[in-house]
2 protein chains.
Amino acid sequence: MPATERSTRDRLLDAFETLLVTAGSRAATLDAVAAEADVSKGGLLYHFPSKDELVDAMLERLREMGAADAERMAAAKNGPVAYYLETSVNNGSDFDRALTAAARIAQENDSRAGAALADLRDGWFAVLREHLGDEALARTIQLIGDGLYFDDTTGLAEKSALKHVRAVLKRLDVL
Amino acid sequence: MPATERSTRDRLLDAFETLLVTAGSRAATLDAVAAEADVSKGGLLYHFPSKDELVDAMLERLREMGAADAERMAAAKNGPVAYYLETSVNNGSDFDRALTAAARIAQENDSRAGAALADLRDGWFAVLREHLGDEALARTIQLIGDGLYFDDTTGLAEKSALKHVRAVLKRLDVL
DNA sequence: TGAACTGTACCGTCTGGACGGTATAGTTGA
DNA sequence: TCAACTATACCGTCCAGACGGTACAGTTCA
């Protein structure tokens with residue numbers, strides 16, 4: 001196991017996420033995932049004996065990334081709110097991709113994915129609420145973040161959205 | 001076309017939407033749609049010769065509902081903002097179902113569905129902006145609506161979210 | 001030391017079922 | 001009579017998953 005390269009296992013999870021994000025869950029077949037990762041189907045099934053376990057592994061990796069993100073948010077230089085809003089718009093990061101992939105699966109009524117997303121959201125909200133000391137404001141900012149994220153993932157993001165949000169939050173003395 | 005009952009055509013579109021919303025696009029097969037609507041598969045294909053035309057008809061019906069909704073919003077008794085926020089949370093209405101169904105399809109990278117959703121959003125934004133005379137505020141409120149909608153459709157809506165948003169918007173003298 | 005063996009990491013093929021769509025013959029009610 | 005269906009059979013394709021290999025790096029032990 002050389003530490004220098006991305007492992008086959010990770011490459012398979014990357015490929016699964018990429019297909020979910022760029023083409024939807026219908027297109028994320030085992031064959032397609034294997035091809036995207038340049039691995040044979042047999043190789044994929046060696047690492048993940050079923051599609052279900054592929055999903056589980058993806059969500060597990062997402063949870064790890066989410067916990068790390070909440071920590072970075074709490075310690076962010078310009079404060080948690082600015083960090084949260086900036087990271088709510090899609091940067092093309094691994095974390096964004098994992099998040100969007102999980103949302104795709106959640107929409108197929110997968111309770112595991114729904115639970116993972118809920119836990120991530122709870123983590124962010126805890127930081128916002130702790131920092132602001134104001135539940136109404138924390139909830140509202142979280143909704144704005146959700147809106148930014150939703151617009152991005154549905155491909156209809158308004159470029160100036162973040163600028164407008166900042167202007168309004170300044171009126172509320174939050175930024 | 002008797003006005004007293006829902007036509008078979010409408011029942012088929014209803015069934016298609018219901019399956020998309022409750023089980024995701026993978027589950028919305030032609031067989032499943034026909035069964036949900038209590039129509040034979042042949043009957044379904046009589047009305048919609050292909051799945052593509054079923055999608056087109058659904059989006060067309062959505063656009064009609066959307067235009068009517070924007071009109072109601074502009075003329076709402078308590079103002080467009082209150083109307084917009086209230087209708088951003090899922091009421092289980094036909095319109096909500098159609099909207100969510102279209103979002104499901106849009107996420108499978110269907111450009112028709114994406115365009116339909118974009119047009120709906122543009123309609124709402126025009127009303128918000130006209131009423132508020134403030135682009136930053138209009139964009140922010142639209143983002144909050146998007147957030148409310150997103151949370152509902154991913155099954156993790158916070159019950160008190162609307163109340164909190166109202167409190168914050170009052171501080172901004174919007175409500 | 002080196003033959004026998006073990007475990008890990010794959011590859012390529014096959015099967016059974018589901019899905020979209022076609023076809024066609026028959027039924028029902030205005 | 002004719003539009004609006006029902007019912008059933010079928011076809012080609014795609015997909016999840018099972019299966020039987022292969023390659024090869026270590027380990028064991030006589």
Side-chain angles (χ1 to χ4, degrees), chain A residues 1-59 61 101 104-105 107-113, chain B residues 1-59 61 101 104-105 107-113:
Chain A
M1 230 191 283
T4 49
E5 290 176 27
R6 207 154 178 83
S7 69
T8 300
R9 188 191 145 91
D10 273 324
R11 281 192 4 258
L12 285 165
L13 290 175
D14 293 346
F16 185 38
E17 289 174 358
T18 296
L19 286 167
L20 282 170
V21 170
T22 60
S25 63
R26 282 187 94 115
T29 67
L30 294 185
D31 279 314
V33 170
E36 175 80 20
D38 251 320
V39 170
S40 73
K41 192 173 180 181
L44 189 166
L45 288 165
Y46 171 80
H47 287 283
F48 308 103
S50 71
K51 200 171 192 181
D52 238 48
E53 299 195 36
L54 183 63
V55 172
D56 283 337
M58 192 198 78
L59 295 177
R61 210 174 61 160
R104 295 282 198 262
I105 290 185
Q107 270 151 358
E108 301 286 331
N109 262 28
D110 184 304
S111 61
R112 297 163 301 169
Chain B
M1 231 193 280
T4 50
E5 289 175 27
R6 211 147 175 88
S7 69
T8 299
R9 186 191 146 92
D10 273 323
R11 280 189 8 254
L12 285 165
L13 291 175
D14 293 347
F16 185 38
E17 290 174 357
T18 297
L19 286 167
L20 283 170
V21 170
T22 60
S25 64
R26 285 189 93 117
T29 66
L30 293 184
D31 279 316
V33 170
E36 174 80 19
D38 250 321
V39 170
S40 70
K41 189 176 180 182
L44 189 166
L45 289 164
Y46 172 79
H47 287 284
F48 307 104
S50 72
K51 200 171 192 182
D52 237 50
E53 299 196 35
L54 185 62
V55 171
D56 283 337
M58 194 199 77
L59 293 176
R61 209 172 65 158
R104 296 283 199 260
I105 290 186
Q107 270 150 359
E108 300 287 331
N109 262 26
D110 184 304
S111 61
R112 298 166 298 170

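Residue numbers start from 1 in every chain, and the chains themselves are labelled A, B, ... in the order their sequence lines are given, proteins ahead of strands.
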note: Arg9(A), atom CZ; dC10(C), atom C1'; distance rounded to Å ~ 16 Å

Base, sugar-phosphate alone, or nothing: which one does Asp38(B) contact when heavy atoms must sit under 4.0 Å apart?
sugar-phosphate

Distance col, row Glu108(A):CD vs Arg26(A):CZ, nearest 0.5 angstrom, shows 8.5 Å

Rounded to the Å, how far apart are Arg26(A) CZ and dG20(C) C1'?
10 Å

Is the shortest side-chain N to carboxylate O distance from Arg11(A) to Asp38(A) below 4.0 Å?
no

Provide, to the nearest angstrom, the distance between the CZ atom belonging to Arg11(B) and the P atom belonging to dA4(D).
14 Å

Would you say a side-chain N or O of Thr8(B) is under 4.0 Å from OP1 or OP2 of dC5(D)?
yes

Looking at CD1 of Ile105(A) and CZ of Arg112(A), how far apart are the two atoms once the value is rounded to the nearest 0.5 Å?
7.5 Å

note: Leu30(A), atom CG; dC14(C), atom C1'; distance rounded to Å ~ 15 Å

Measure the distance from CG on Leu12(B) to C1' on dA4(D) and round it to the nearest whole Å.
12 Å

Supply the atom-to-atom distance Asp31(B) CG to Lys41(B) NZ, rounded to the nearest 0.5 angstrom.
4.0 Å

Provide the closest heavy-atom pair for Ala28(A) versus Leu20(A) in the form atom of the first, atom of the second, distance.
CB-CD2, 3.8 Å

Supply the atom-to-atom distance His47(B) NE2 to Leu13(B) CG, rounded to the nearest 0.5 angstrom.
10.0 Å

How many Å lie between CG on Asp52(A) and P on dC15(D), as a whole number?
18 Å

Note: contacts of residues 40-51 of chain B with DNA chain D (heavy atom, under 4.0 Å) are Ser40(B), Gly42(B), Gly43(B), Tyr46(B), His47(B)

